[in-house]
2 protein chains.
Amino acid sequence: MTNNLDTFFGAISDPTRRAVIERLAEGPAPVSELHAPHDIALPTFMKHLKVLEAAGLVRSEKKGRVRTVHIEAAPLAEAEHWLNRQRRIWEGRLDRLQLLAEQLERETK
Amino acid sequence: MTNNLDTFFGAISDPTRRAVIERLAEGPAPVSELHAPHDIALPTFMKHLKVLEAAGLVRSEKKGRVRTVHIEAAPLAEAEHWLNRQRRIWEGRLDRLQLLAEQLERETK
DNA sequence: GAAAAACTTTACCATCTGGCTAACTAATTT
DNA sequence: AAATTAGTTAGCCAGATGGTAAAGTTTTTC
């Protein structure tokens, strides 16, 4: 059961990768520019890019010697749906617990 | 920079752990009941619970020989904010790109 | 055509992760 | 008191992950 959600959440569980996403939200950029602010070796950084690409968060094209990277909107939706559903279910539960508590309150009064 | 988001997203990047969260959204349960549907050894399962607990997604209390586990609503909010912000930013970007495309369309007509 | 730039590939390493079995402790049940 | 139930602890393992350095490839640029 190697889900989309697995690779998606796995991809954004790393701070370097989240930083890349945040940067890319402002627009596409070549690898070297994306790499610059991070104090890690280039090949290490490329691995992070591959993880993001494998998770479908990012796509890239090479033109000449420059590879340009840009974000992909698609997979975010699914992840948000999961989180939303969970939050609704368990906030619902908390609400019901509160109602129960209030009811008990009234009964013991 | 070992962020909250790191451990949170890391925690929900595993299918077993997401399944536990989904189950717990219906109400608290003892470890053995949570374990039952998963075809893995108990100690392995306990590790998953520890990851969820360390990420603040879950809490548990032991009474007698039974440990009861329940979800914690708090950390979801932060994660959703991150995702929401990202989505807004880059959907915004996609919209702007579309406008640009339409403009070019008009100009070349 | 030589040098520089922008990646890529290769090979290696330590630590983390998810899995296991076996043995142990502490409560209930019978 | 003996057996059962419900977790816990300890120790091991294979593979993934995040990191490195060094050498190679393919454009550009000078």
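Nothing here was measured: the structure is a model prediction, and the numbers come from that model. Numbered from 1 within each chain, the chains take letters A, B, ... in sequence-line order.
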Would the distance check show the side chain of B:Arg18 and the main-chain N or O of B:Ile12 forming a donor-acceptor pair, the cut-off being under 3.5 Å?
yes

As an exercise, state the distance from CZ of B:Phe9 to CG of B:Leu5, rounded to the nearest 0.5 Å.
5.5 Å

Treat each ILVMFWY residue as a node, draw an edge where side-chain heavy atoms are under 4.5 Å apart, and state whether A:Leu52 and A:Leu34 are in one component.
yes

Look at the side-chain N and O atoms of B:Ser32 and state whether any lies under 4.0 Å from the OP1 or OP2 oxygen of D:dT5.
no

Here the distance between atom P of C:dG19 and atom NE2 of B:His38, to the nearest Å, is 11 Å

Between B:Phe45 and B:His35, what is the ring plane arrangement, given parallel below 30°, perpendicular above 60°, and tilted in between?
tilted

May I have all residue pairs that pass side-chain hydrogen bond (donor to acceptor under 3.5 Å, both in side chains) and include part of residues 60-70 of chain A, sequence neighbours excluded?
A:Glu53-A:Ser60, A:Ser60-A:Arg67, A:Glu61-A:His70

For nucleotides 18-30 of chain D, just jot down a letter per nucleotide in 5' to 3' order: B, S or -, based on protein non-hydrogen atoms under 4.0 Å.
BBBBB----BS--

Whole-Å distance between C:dG18 P and B:Leu49 CG?
13 Å

Between C1' on C:dA6 and CG on A:Leu34, what's the gap in Å once rounded to a whole number?
13 Å

Rounded interatomic separation in angstrom, taking CE from B:Met46 and P from D:dA6
13 Å

Which residue pairs pass the salt bridge (charged side-chain N to carboxylate O under 4.0 Å, His left out) test when at least one of the two sits in residues 32-46 of chain A, sequence neighbours left out?
A:Arg23-A:Glu33

